Amino acid sequence: MPAFTCVDAAVPPPGYAFAWDGALPAQGASPGDASTTADGPTADLSSPWSTDLSAKLYRIDGWGAPYFCVNAAGDIAVKPHGAATLPHQEIDLMKVVKKASGPKSAGGLGLRLPLLVRFTDVLKHRLESLQQAFDVAIRSNGYGSRYQGVYPVKCNQDRYLVEDIMEFGAPFDFGLEAGSKAELLLAMTCLTRARPEAFLICNGYKDEEYITLALIARSMDLNTVIVLEQEEELDTVVETGERLGVRPVIGLRAKLRTKHSGHFGSTSGEKGKFGLSTAQILSVAQKLQRLEMLDCLQLLHFHIGSQIPSTALLSDGVGEAAHIYCELARLGALMRVIDIGGGLGIDYDGSRSGGSDMSVGYGLDEYANAVVRAVMLACDRKHVGHPIICSESGRALVSHQSVLIFEAVSSTTTKSEPSSSIWPNHACLLDELADDAHSDYHNLIAATLRRENETSVLYAEKLKQRCVDHFKDGILGLEHLAAVDAVCDLVSKEFDVADPVKTYHVNLSLFTSIPDFWAIGQLFPIVPIHRLDQRPVVRGILSDLTCDSDGKVDRFIGGQSSLPLHELERGGGYYLGMFLGGAYQEALGGLHNLFGTPSVVRVSQTDGPRCFAVTLAVPGASCTDVLRAMQHNPEVMFDTLKQRAEECAGGDAVSCALALAHSFDTMPYLVFDANGGYSVVSGVDEEGTDGMSSYSDGCGEEGDQEWESMRCLSV
């Protein structure tokens, strides 16, 4: 077969080496007009890059406002005081990572990644912003009562976080909500240091022990309200109160007719998991009246659903509940509090849209104003005094305050590049194909050189399938399959049908640290926390350490199936951050593959040279910790292994024992040498070969020419 010349049309024009599936600026675009279309333009790689373009690409100005931005060094910076943060108060995330993970001999803390960074100032600002939003709405509307929130500890039960909320919320009588006996004990302990007006809201299913504990809290002068989730709980509350000599304060959870669509709306509406119907509410009120305890009924609670998408739906639900509140007051209950529950959403994808579970179409001020106006309107119509407004806005309070930092340690592509040193070998192997497969191979080459796109792809698939069948029949060897794959990959690349997405292997357990992604498809912003002054040149998905096919992140905010990333560099880590994950992820995370909790640092803004101080550092769970959590006995395990090492290792028994002891004491996550351990696994080694054996004998000139023609298409 005659030799073919290289096809010049295969060479991409200057500045167009890569086409994004989203958000890079179009050709000639400036940082101020970077395109963010859903399909994504072709990027002009010859134009200069900037941190502003990175902020637009990753939507940081949307989901990150007002707490996260890109600084001049190309790193993610934290604004601990929101929009009021001064330039010298911004905290560089990379500096926090270096402080936490650096060796102790160099002034670091010696912690291993993954790393959870808590920003106490962000938490304080969120709580104060929520309080301020309601205070402003109450004043501007002439509302006749006040706002007094509670934090639902189920969102994140971390001791220091709950204690911080109690400290920051003390001026506002901020309280706590509990949904289990353990959470109730936690809340009671924290509230002993709070002012007596702070609420202790007792939600969730209850037995006699739970109710006894709640009434004990009432006897300790804690402002405890037992919220009835089921009608039959009333009998237990009344009987236990009589036995303990404690008169309870009772609330009702109403099952509203209002609900919103989507995953987070499934717990609302008439078929919701919790709450009383209108008939049950009337039954409870009548029973309390017969017992001369109607004055004990003082609170109405409801929950429209998490991530309420719009203020229109919010106003509708709050208005319905406010009318129930007024009716209870009309029946003689001593009503004084309306608890609007959770639902205050956050903007995970930066779109400020009410059309999905990943965003909301309002801010704190609009949310508070809608609630105040809806309650006020219903109460004024029925001439009922304005109640205290309570909310359980846990997600909105704690989501922003923590950032999960993890590193990408290697990357792979689904299509590996063949090395020039084995092209003749591939040509020889292809010449050894059976007649029918060899015919497909010739047809593939001819169609490719005629630039017949669809025909070439069909021939490539046909050739691959035929050769797989021959391999299963024992006709072809593994080397033949590799050669066929290589030539078909060249065809795919030539016609831009090859998969350009890389897999970045990250030192993380998705099931431990981002369980909501796996469980309910919740998306969180994931962004490189450095090198944002450089153009990202590849698209990638993230694969975690677990031995589970679900352990990958292949969906990202903005409807993207891959994430713009930078090439990995030898001799240094590539760090990514998962943002807005401060609610639920830590409590829901499990021990899949026995990967435990990450290291944790608590950071506060200071006026020193670093702009921050680490006020708490906790190493991640060790192998001993996770084994003990699953009822294993690490001490017995070590002794057993040590004895076996002494029997089998001879003179190396001491070294084996030391290595075993170290393994029990270390985190289950991987450890890499910063001087070169961050490798890029692409199927090609440093010498430019993929490790295949040489098969050069007997290769015909015709086969060499065919292979050289195919190779030239993608040079």
Side-chain angles (χ1 to χ4, degrees), residues 150 152-154 175-188 191 199-257 267-303 320-321 323-341 387-388 390 392:
V150 297
V153 296
K154 67 179 180 180
L176 296 173
E177 179 269 347
S180 69
K181 299 171 193 176
E183 289 184 350
L184 182 52
L185 288 167
L186 183 160
M188 289 169 62
L191 285 168
F199 288 125
L200 172 53
I201 305 295
C202 300
N203 287 333
Y205 292 126
K206 304 169 189 69
D207 60 6
E208 185 177 349
E209 289 182 355
Y210 185 125
I211 291 169
T212 298
L213 192 58
L215 291 172
I216 290 173
R218 184 76 188 168
S219 70
M220 296 165 55
D221 293 330
L222 299 180
N223 194 5
T224 310
V225 183
I226 301 175
V227 179
L228 303 182
E229 307 278 1
Q230 297 176 301
E231 185 177 359
E232 53 266 30
E233 291 175 353
L234 176 61
D235 293 336
T236 309
V237 171
V238 172
E239 294 168 4
T240 307
E242 290 177 352
R243 176 170 55 83
L244 296 177
V246 178
R247 194 169 180 83
V249 173
I250 297 173
L252 299 178
R253 177 164 177 164
K255 189 176 291 186
L256 302 183
R257 314 295 175 91
T267 55
S268 62
E270 292 182 273
K271 296 182 179 180
K273 179 179 177 181
F274 298 108
L276 308 180
S277 66
T278 51
Q280 291 172 321
I281 290 173
L282 279 173
S283 176
V284 168
Q286 291 166 357
K287 186 166 187 176
L288 286 172
Q289 188 174 33
R290 291 195 301 270
L291 294 170
E292 297 183 351
M293 294 179 64
L294 196 53
D295 61 307
C296 294
L297 180 55
Q298 300 181 18
L299 178 145
L300 179 72
H301 172 45
F302 65 94
H303 180 64
E320 179 188 350
H323 281 288
I324 297 174
Y325 175 94
C326 293
E327 287 299 297
L328 289 171
R330 180 182 63 81
L331 293 173
L334 194 63
M335 301 299 292
R336 66 188 189 94
V337 182
I338 185 166
D339 180 353
I340 64 175
I388 297 170
C390 177
E392 303 174 5

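Quantities reported herein were computed from a predicted structural model and do not represent experimental measurements.
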Quiz item: Between V237 and K206, does a side chain to side chain contact (heavy atoms under 4.5 Å, CB included) hold up when you go through it step by step?
Solution: CA-CA 9 Å; V237 171; K206 304 169 189 69; 5.8 Å; no
Measuring from [X]:[atom1] to [Y]:[atom2], what's the distance to the nearest 0.5 Å?
X    : Y    : atom1 : atom2 : value
L299 : I338 : CG    : CD1   : 8.5 Å
L328 : L252 : CG    : CG    : 6.0 Å
E242 : L244 : CD    : CG    : 10.5 Å
E232 : Q280 : CD    : CD    : 8.0 Å
E327 : R330 : CD    : CZ    : 4.0 Å
I281 : R253 : CD1   : CZ    : 11.5 Å

Quiz prompt | Within residues 209-224 or reaching into it, pairs that qualify as salt bridge (Lys or Arg N to Asp or Glu O under 4.0 Å) - sequence neighbours excluded | solution =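 Matches after skipping sequence neighbours: K181-E209.
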Heavy-atom pair with the smallest gap, counting every atom of [X] and [Y]:
X    : Y    : answer
S277 : K255 : N-CB, 4.4 Å
S283 : E231 : OG-OE2, 2.6 Å
L191 : G175 : CD2-CA, 4.2 Å
E183 : K154 : OE2-CA, 3.2 Å
A187 : L176 : CA-CD1, 3.6 Å
A254 : I324 : CB-CD1, 4.1 Å

Quiz prompt | Sequence-distant partners of C390, side-chain contact (heavy atoms from CB on, under 4.5 Å), two or more places apart | solution =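 With sequence neighbours excluded, C390 shows a side-chain contact (heavy atoms from CB on, under 4.5 Å) to V150, F199, V337, D339, given in chain and number order.
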Quiz item: By side-chain contact (heavy atoms from CB on, under 4.5 Å), which residues pair with T236, not counting sequence neighbours?
Solution: E208, I211, T240
Self-check item: From CA spacing to verdict: side chain to side chain contact (heavy atoms under 4.5 Å, CB included), L297, M335
Solution: CA-CA 6 Å; L297 180 55; M335 301 299 292; 4.0 Å; yes
Exercise. Among residues two or more places apart or on two chains, list those pairs meeting ring-ring contact (aromatic ring centres under 6.0 Å, His included) that have a residue in residues 200-245.
Key: Y205-F274
Quiz prompt | Any side-chain heavy-atom pair of E392 and H303 under 4.5 Å | solution = no
Could you give the side-chain donor-acceptor pairs of residues 285-293 under 3.5 Å, partners two or more places apart or in another chain?
unit_1: K287; atom_1: NZ; unit_2: D235; atom_2: OD1; d: 2.2
unit_1: K287; atom_1: NZ; unit_2: D235; atom_2: OD2; d: 3.4

With a cut-off of 3.5 Å and sequence neighbours excluded, list every side-chain donor-acceptor pair involving residues 222-229.
unit_1: N223; atom_1: ND2; unit_2: E197; atom_2: O; d: 3.0
unit_1: T224; atom_1: OG1; unit_2: L222; atom_2: O; d: 3.1
unit_1: E229; atom_1: OE2; unit_2: G204; atom_2: N; d: 2.9

